[in-house]
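Scroll down for the structure; my scribbles are underneath it.
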Amino acid sequence: MLLRKMMSRIGVGSAYVDLILNKTVLQPGEYIDGMLHIYGGTVEQKITRLDVELVQKTLHNGKEVDAVIATIPVAKTFIIEPGQRKEIPFSYHIPDSLPPSQPGLSYRFITRLDIEDAVDTLDFDYIQILPKIKEK
């Protein structure tokens, strides 16, 4: 048991998260929905925070630059038991002002499971933002 606790602190057998989105191609101003699946590892762990960030990645002079557009808090402190599965609904309104995805400009959601005294786990989900439809 002690070995499993130590291993989970470095990320082996630790809890992890997976965001499943209902779609990945969106118009500015649309809502995106999904489900956060949290899976317990081999030992009980305390989750101190669960957030989803919307990040814009820009390629500028050969370097990638990330800008956090929004941080969406999903859950505060809770305990995840070994092998336990939790589901938490997710919904977010895509800002009207986002420029469309294009070469050198992309978007992704980064889901961060902050685990007390252990390596945090991340999940990455790319989305595509289409050009805004002009109203007549």
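Listed for the Thr48 side chain is no donor-acceptor partner under 3.5 Å among the backbone atoms of Thr77.
Note on Tyr16: it does not cluster hydrophobically with Phe109, by side-chain heavy-atom contacts below 4.5 Å among ILVMFWY residues. Residues Tyr92 and Leu19 are members of one and the same hydrophobic cluster, defined by side-chain heavy-atom contacts under 4.5 angstrom among Ile, Leu, Val, Met, Phe, Trp and Tyr. Residues Ile110 and Leu54 are members of separate hydrophobic clusters, defined by side-chain heavy-atom contacts under 4.5 angstrom among Ile, Leu, Val, Met, Phe, Trp and Tyr. A single hydrophobic cluster is seen to contain both Phe124 and Val68, as judged by linkage of ILVMFWY side chains at heavy-atom distances under 4.5 Å, directly or through other members. Neither Val55 nor Leu26 shares a network with the other; the hydrophobic side chains, linked directly or stepwise wherever heavy atoms of I, L, V, M, F, W or Y lie under 4.5 Å apart, form separate groups for each.
Annotation: the span from Leu50 atom CG to Leu113 atom CG amounts to 6.0 Å, rounded to 0.5 Å. Taken to the nearest 0.5 Å, the CG atom of Asp125 stands 6.5 Å off from the CG atom of Asp18. Distance CG/Leu36 to CD1/Ile72: 10.0 Å, rounded to 0.5 Å. Note: Met35 CE to Ile20 CD1 = 10.0 Å, rounded to the nearest 0.5 Å. From Lys76, atom NZ reaches atom CD1 of Ile47 across 16.0 Å, with rounding to the nearest 0.5 Å. Annotation: the span from Lys23 atom NZ to Gln128 atom CD amounts to 12.5 Å, rounded to 0.5 Å.
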request  = Give the C-alpha distance, both sets of side-chain angles, the deciding distance and a yes or no for side-chain contact (heavy atoms from CB on, under 4.5 Å) between Ile127 and Ile32.
outcome  = CA-CA 10 Å; Ile127 61 170; Ile32 187 166; 4.2 Å; yes
request  = Could you walk me through whether Arg112 and Arg49 pass the side-chain contact (heavy atoms from CB on, under 4.5 Å) test, one step at a time?
outcome  = CA-CA 8 Å; Arg112 184 180 319 276; Arg49 197 176 76 235; 4.2 Å; yes
**Message:** What verdict does the side-chain contact (heavy atoms from CB on, under 4.5 Å) test give for Ile115 and Thr121, after you've listed the backbone C-alpha separation in whole Å, the side-chain angles of each residue and the deciding distance to 0.1 Å?
**Reply:** CA-CA 8 Å; Ile115 305 169; Thr121 60; 4.2 Å; yes
Taking it one step at a time, do Gln45 and Val43 satisfy side-chain contact (heavy atoms from CB on, under 4.5 Å)? CA-CA 6 Å; Gln45 290 183 298; Val43 296; 4.1 Å; yes
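When hydrophobic residues (I, L, V, M, F, W, Y) are linked wherever their side-chain heavy atoms come within less than 4.5 Å, Tyr126 remains an isolated member.
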Give the table of side-chain donor-acceptor pairs shorter than 3.5 Å for residues 79-91, with sequence neighbours excluded, one pair per line with atom names and distance.
unit_1: Gln84; atom_1: OE1; unit_2: Glu81; atom_2: N; d: 2.8
unit_1: Glu87; atom_1: OE2; unit_2: His37; atom_2: ND1; d: 3.3
unit_1: Ser91; atom_1: OG; unit_2: Asp33; atom_2: OD1; d: 2.8

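Sorted by first and then second residue, the salt bridge (charged side-chain N to carboxylate O under 4.0 Å, His left out) pairs involving residues 60-70 (not counting sequence neighbours) are Lys57-Glu64, Asp66-Arg108.
Screening Asp51, Ile38, Val74, Val17 for a side chain to side chain contact (heavy atoms under 4.5 Å, CB included) involving Thr111 leaves a single residue, Val17.
Taking 4.5 Å as the limit, every side-chain heavy atom of Leu130 sits out of range of all side-chain heavy atoms of Pro100. With contacts defined as side-chain heavy-atom distances shorter than 4.5 Å, the pair Tyr107/Ile69 qualifies. Pro99 is listed as a side-chain neighbour of Gln56, based on a closest heavy-atom distance under 4.5 Å.
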